[in-house]
2 protein chains.
Amino acid sequence: MLELRALPTDCAQRRQESVCVGCGARAFSVCSSLDPADLAGLDAIAERVSLKAGEALIREGDPAIHLFNITSGSVRIYKLLPDGRRQITGFLFAGDFVGLATGEDYAFSGEAIEDSTLCRFRKSEYRALVRERPRLEEALLDRATHELAAAQNQMLLLGRKTAQERIASFLLELPSRDPLRPQAEDQVRLPMTRSEIADYLGLTIETVSRVLTKFKTTGVIRLLSLSELRIEEPERLRDIAEGEA
Amino acid sequence: MLELRALPTDCAQRRQESVCVGCGARAFSVCSSLDPADLAGLDAIAERVSLKAGEALIREGDPAIHLFNITSGSVRIYKLLPDGRRQITGFLFAGDFVGLATGEDYAFSGEAIEDSTLCRFRKSEYRALVRERPRLEEALLDRATHELAAAQNQMLLLGRKTAQERIASFLLELPSRDPLRPQAEDQVRLPMTRSEIADYLGLTIETVSRVLTKFKTTGVIRLLSLSELRIEEPERLRDIAEGEA
DNA sequence: CAATTCTTTTGACGCGGATCAAGGCGGTCC
DNA sequence: GGACCGCCTTGATCCGCGTCAAAAGAATTG
């Protein structure tokens with residue numbers, strides 16, 4: 001008797017654990033503001049998605065049906081001009097939300113930079129859930145607010161900073177971004193290519209490369225490999241980033 | 001008897017009308033999603049503020065105590081680098097919300113471009129109200145979402161567009177912004193100076209001026225006065241804005 | 001591990017837009 | 001209404017970064 005009743009409950013809980021409760025990115029995402037009951041609701045509409053490096057999850061102009069929450073890996077979101085010029089508007093990591101800034105259609109494209117896993121939600125179902133969970137809505141507004149502040153910083157960077165200042169700023173903000181891979185102090189992992197860095201900072205690959213070698217030869221950074229570097233003089237890099245050098 | 005009871009009610013209603021119910025910007029702001037009861041709650045914590053052209057309402061770095069809703073006029077928000085370089089991250093008009101993207105301290109400064117009126121709220125009181133009014137929170141999230149999309153467009157502009165493309169884009173988006181002064185088709189009002197336009201587009205005043213005269217001499221626009229112009233060939237301007245010319 | 005290919009680095013050169021410098025054009029204030 | 005003052009326009013020059021080109025590494029494949 002007891003076991004007959006216990007079984008389904010057990011199953012339901014195991015199902016939860018398989019998606020949300022055991023999610024390594026939960027602590028960094030909007031999900032962290034949900035209590036166990038809410039989490040179950042979220043779990044019911046969540047769908048796991050795996051992407052290989054380079055695969056798209058969102059295409060600008062397509063109807064915005066889904067929202068995503070990154071659980072591992074990293075994603076680039078970008079906009080294109082008709083002639084192919086690209087502006088990467090953000091690099092997103094575990095815990096980040098993809099698709100907040102969307103109306104009817106996606107206003108940007110999104111692709112995995114490296115092999116990644118995501119939680120996918122139907123927008124309609126998600127909206128319904130959010131309406132019943134004020135804490136979730138609050139968390140979302142909070143996220144959006146932070147993204148807006150970050151966007152303003154990026155506008156300052158793109159509109160008014162020199163190439164050196166842009167790259168210094170970029171190197172300083174990157175390490176704090178990926179919660180699943182907390183870097184050793186002043187160690188920076190660059191999962192993206194030079195071309196992606198360039199398109200994020202409004203520069204060309206050549207300029208990115210030149211500035212990095214200049215930082216290297218002046219001893220501000222040390223290149224450990226193509227995608228890994230160490231900030232040797234954080235103080236000086238901060239000065240450069242703010243235009244005080 | 002009846003009149004004794006009626007009086008205070010009357011007063012309360014008149015007080016409402018004096019701030020929210022009679023507000024000309026209500027239809028364009030987050031307030032539009034409030035029913036009369038909610039509006040009364042908002043009214044209770046709203047405070048009217050008048051600013052003359054040039055006066056500040058928010059200073060970067062100050063503790064973020066207040067939030068604002070613009071009821072008339074226009075506002076510029078911007079960030080500065082230590083050496084004085086300025087990036088204007090937005091021009092805001094009636095119905096727009098100022099202070100969404102703030103944590104503990106304001107991350108940007110805000111000043112009236114022309115004489116303006118605003119509704120001011122204590123952040124703490126506003127938060128409390130929002131928690132009780134899911135529709136208001138929803139409206140705020142919606143606003144933030146739109147601002148994020150706009151910010152991404154601006155990043156594309158600042159990172160990848162030429163001076164001509166930037167100014168063409170700017171002229172096309174401006175007229176749709178100020179709901180209290182719906183412009184005649186293709187008529188553009190420029191309440192901001194050339195220097196403000198430059199700092200919004202990541203250019204210098206000289207470049208702004210040169211491009212405007214070029215647009216004038218090629219017949220794409222006509223300058224009616226310093227702060228008023230007509231788009232003569234909207235189609236061509238759109239092509240320029242998207243880099244197809 | 002050689003061959004191919006893609007990415008990054010490095011170098012030479014050119015251009016778009018910044019900087020520097022006058023001049024024009026309204027507004028405002030005695 | 002004349003003189004001042006701030007903003008805008010126009011011109012001349014300069015320079016940071018983009019463009020073009022090629023070499024040097026990495027990564028990938030058979």
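Quick caveat: nothing in here was measured; it's all calculated off a predicted structure. Note on naming: letters A, B, ... go to the chains in the order of the sequence lines (proteins, then strands), and numbering restarts at 1 for each one.
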Name each donor-acceptor pair under 3.5 Å that joins a side chain in residues 52-65 of chain B to protein atoms two or more places apart or in another chain, with its distance.
from  : atom 1 : to    : atom 2 : distance (Å)
B:E55 : OE1    : B:K52 : N      : 2.9

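Per the geometry, CG belonging to A:L223 stands 14 Å off P belonging to D:dG25, to the nearest Å.
In this view, B:R122 satisfies the salt bridge (charged side-chain N to carboxylate O under 4.0 Å, His left out) rule with no residue, not counting sequence neighbours.
Salt bridge absent: A:R236 and A:E244 never bring a charged side-chain N and a carboxylate O closer than 4.0 Å. The pair A:R230-A:D186 does not meet the salt-bridge criterion, since no charged nitrogen lies less than 4.0 angstrom from a carboxylate oxygen. Of the charged side-chain nitrogens involved, none lies within less than 4.0 Å of a carboxylate oxygen, so that A:E228 and A:R222 do not count as a salt-bridged pair.
Aromatic rings of B:Y78 and B:F108 (six-membered ring for Trp) have centroids beyond the 6.0 Å cut-off, not under it.
Within a 6.0 Å radius of NZ in A:K123, other residues, nucleotides and ligands contribute more than 12 heavy atoms.
Between B:C23 and B:T71, the shortest heavy-atom distance links the atoms SG-CG2, 3.6 Å. In terms of heavy-atom proximity, A:R26 sits nearest to A:V21 at NH2-O, 3.3 Å.
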Could you go over nucleotides 5-8 of chain D and give all protein N or O partners under 3.5 Å, atom names and distances?
from  : atom 1 : to     : atom 2 : distance (Å)
D:dC8 : OP1    : B:R194 : N      : 3.2
D:dC8 : OP2    : B:R194 : N      : 3.4

Just by protein heavy atoms under 4.0 Å, how would nucleotides 15-22 of chain D read 5' to 3' in B, S and -?
-> --SSBB--
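Side chains of A:T117 and A:S72: a donor on one and an acceptor on the other come within 3.5 Å. Looking only at atom types and distance, the side chain of B:K79 has no donor-acceptor partner in the side chain of B:S109 under 3.5 Å away.
Heavy-atom contacts of chain B under 4.0 Å fall on DNA chain C between two terminal nucleotides, which in 5' to 3' order are C:dG17 to C:dC20.
Paired with B:Y200 under the rule side-chain contact (heavy atoms from CB on, under 4.5 Å), one option of B:R166, B:M192, B:Q154 passes, and it is B:Q154.
In the helix from C:dC1-D:dG30 to C:dC30-D:dG1, the rotation axis of the first five pairs and that of the last five pairs differ in direction by 50°, rounded to 10 degrees.
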